[in-house]
There are 2 protein chains.
Amino acid sequence: MAKIVNDREALAIFRKHLEVYTTLSDDEYERVLTYFVPKKLKKHEFLVHEGDWVTNHHWVIKGLLVSNYTDDEGKDHIMQFAIENCWITDQDAFYNQTKAIFNITCLEDTTLMCLSFSNREKMCADMHKMEHYFRKKGNDSFVKQQRRLLSYMTNDAKGRFNLLMAEYPGLYQRLSKKILAAYLGVTRETLSRFKF
Amino acid sequence: MAKIVNDREALAIFRKHLEVYTTLSDDEYERVLTYFVPKKLKKHEFLVHEGDWVTNHHWVIKGLLVSNYTDDEGKDHIMQFAIENCWITDQDAFYNQTKAIFNITCLEDTTLMCLSFSNREKMCADMHKMEHYFRKKGNDSFVKQQRRLLSYMTNDAKGRFNLLMAEYPGLYQRLSKKILAAYLGVTRETLSRFKF
DNA sequence: CAAAAAATGTGATCTATATCAATTTTTTGG
DNA sequence: CCAAAAAATTGATATAGATCACATTTTTTG
């Protein structure tokens with residue numbers, strides 16, 4: 001892996017991220033990397049198609065992806081953005097080894113590290129420290145998602161916009177209004193009438 | 001603990017729950033129980049007050065609790081119900097060791113097992129199997145919450161009602177319309193006009 | 001058991017946002 | 001660089017659900 005993804009800086013950043021939650025020796029980190037496979041995608045390409053079996057979780061080294069659900073009436077609803085140093089997949093389909101309900105697409109050229117379900121389980125079984133990492137990271141994800149749910153329950157689109165900007169400063173410049181509206185849960189016409 | 005909570009059946013149910021995600025010998029299960037402290041509350045009592053430091057996660061042996069957020073205008077929004085064999089706390093405050101934004105109250109007389117933050121961390125450090133359990137359980141909770149978020153994004157209150165009933169059959173009889181409306185995100189007047 | 005409190009139901013508005021439609025601006029690919 | 005497609009804006013309605021008001025029923029409690 002370290003040979004395949006020949007990006008010293010990206011690997012250092014990932015290690016630094018893991019070490020927010022656990023500590024790893026050089027050997028342990030080398031071992032962690034062996035479970036991953038690299039992947040590159042161009043803008044507009046799909047990482048996951050609705051209906052696919054979802055076999056991988058993905059760490060974003062570079063780029064911007066979006067996880068989108070299209071409802072019965074053809075309306076789009078965005079579950080998640082992922083920029084540099086985020087994980088993204090269809091979690092329901094990945095954890096339960098079923099088929100995706102989301103389309104995950106690239107809004108920019110993207111570089112990823114892929115972690116298969118079986119490799120993730122093996123890594124967690126073999127390395128208690130990594131099981132600890134994923135537990136802690138999972139708790140953080142849960143809390144972040146709960147804040148978004150609460151903002152859906154209590155705020156209007158402006159409040160949800162502020163939450164998104166607090167979480168991902170600078171993301172605004174990288175998104176179209178259409179995509180932003182789909183994330184905030186309003187039509188693009190309504191978003192267009194807002195003055196933030 | 002096993003002596004304090006002298007409810008053989010409840011303990012057997014909890015063990016069965018853990019063993020959905022991991023396997024435990026008799027000795028290991030005894031050890032797990034030593035990390036917990038029992039608690040009983042009456043209907044209307046508070047498990048967590050908004051503004052409290054949240055030091056415990058709670059496993060519900062018996063009863064019904066609700067986690068409620070009151071917004072600036074005094075409107076209530078229900079994040080979570082917990083019935084028998086559910087975990088409940090203010091996760092953000094618990095995981096990040098800060099103060100609660102939710103009030104967690106009992107809608108029925110309730111029996112709990114409390115797991116402090118430090119005991120949870122110790123148990124996970126000492127017993128890889130329990131770290132595994134909490135990782136897996138955390139993933140499940142994330143996915144359940146994501147389904148609710150998606151239903152907030154795509155469905156009306158009727159769709160969200162159906163999701164709740166699918167997750168907790170029989171809960172309907174135990175809830176007032178006011179509480180149900182606060183969970184579904186509509187006023188009680190609107191709920192009253194719905195015919196399900 | 002009786003009074004008070006809480007919950008529930010229903011009618012009459014009001015309002016934020018969706019919808020539909022047409023135009024202008026920006027982006028993209030050959 | 002230009003033509004076509006996509007995105008964004010703006011106006012005119014329509015509508016689901018909120019709000020306010022009040023009557024009725026049920027539950028709680030001293």
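Per chain, numbering begins at 1; letters A, B, ... match sequence-line order.
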Can you check the F161(A) CZ to dT17(C) P distance for me, whole Å? 15 Å
Nucleotide dA16(D), atom C1' - distance to CD of E73(A) in whole Å: 14 Å
So, using salt bridge (Lys or Arg N to Asp or Glu O under 4.0 Å) as the criterion, who are the partners of E189(A) when residues are at least two apart? none
For the pair made of OH in Y152(B) and C1' in dG17(D), what is the distance, rounded to whole Å? 14 Å
Donor-acceptor list for residues 49-58 of chain A side chains, cut-off 3.5 Å, not counting sequence neighbours:
residue	atom	partner	partner atom	Å
D52(A)	OD2	H49(A)	N	2.9
N56(A)	OD1	S116(A)	N	3.2
H58(A)	ND1	I88(A)	O	2.9

Please confirm whether the shortest side-chain N or O distance from T187(B) to OP1 or OP2 of dA18(D) is below 4.0 Å. yes
In chain order, what residues pass the side chain to side chain donor-acceptor pair (under 3.5 Å) check against N139(A), with sequence neighbours excluded? none
Got a sec, which residues hit salt bridge (Lys or Arg N to Asp or Glu O under 4.0 Å) with D26(A), two or more places apart in sequence or on another chain? R15(A)
F142(B): ring pair (Phe, Tyr, Trp, His ring centres under 6.0 Å) partners, not counting sequence neighbours: none
Its contact letters, B for base, S for sugar-phosphate only and - for none at protein heavy atoms under 4.0 Å, make nucleotides 4-11 of chain C read ---SBBBB
Would you kindly check if the NZ (Lys) or CZ (Arg) of R160(A) is within the cone defined by 45 degrees around the ring axis of Y183(A) and under 6.0 Å from the six-membered ring centre? no
Dot-bracket for DNA chain D: what is it, with Watson-Crick or G-U pairs under 3.5 Å, [ ] where a pair crosses earlier ones, and | for a pair to another strand? ||||||||||||||||||||||||||||||
note: H77(B), atom NE2; dA18(D), atom P; distance rounded to Å ~ 11 Å
Sort and list the pairs that fulfil salt bridge (Lys or Arg N to Asp or Glu O under 4.0 Å) and have at least one residue in residues 61-82 of chain B, not counting sequence neighbours. K62(B)-E84(B)
For R188(A), check salt bridge (Lys or Arg N to Asp or Glu O under 4.0 Å) against everything at least two apart and list the hits. none
Can you tell me the distance, in whole Å, between the NZ atom of K42(A) and the C1' atom of dT28(C)? 16 Å
Atom CG of L184(B) to atom P of dA18(D): distance rounded to whole Å? 11 Å
Among all residues two or more places apart in sequence or in another chain, which pass the ring pair (Phe, Tyr, Trp, His ring centres under 6.0 Å) test with H17(B)? Y21(B), W59(B), Y133(B)
Would you list the protein and nucleotides 28-30 of chain D atom pairs, both N or O, that sit under 3.5 Å from each other?
residue	atom	partner	partner atom	Å
dT28(D)	OP1	K43(B)	NZ	3.4

Report the distance from atom CG of L180(A) to atom P of dA7(D), rounded to the nearest whole Å. 14 Å
Would you call the rings of Y29(B) and F14(B) parallel, tilted or perpendicular, where under 30° means parallel and over 60° means perpendicular? tilted
Atom pair distance, as rounded to whole Å: NZ in K158(B) and C1' in dG17(D): 12 Å
List the residues meeting side chain to side chain donor-acceptor pair (under 3.5 Å) with D156(A), not counting sequence neighbours, and say none if there are none. none
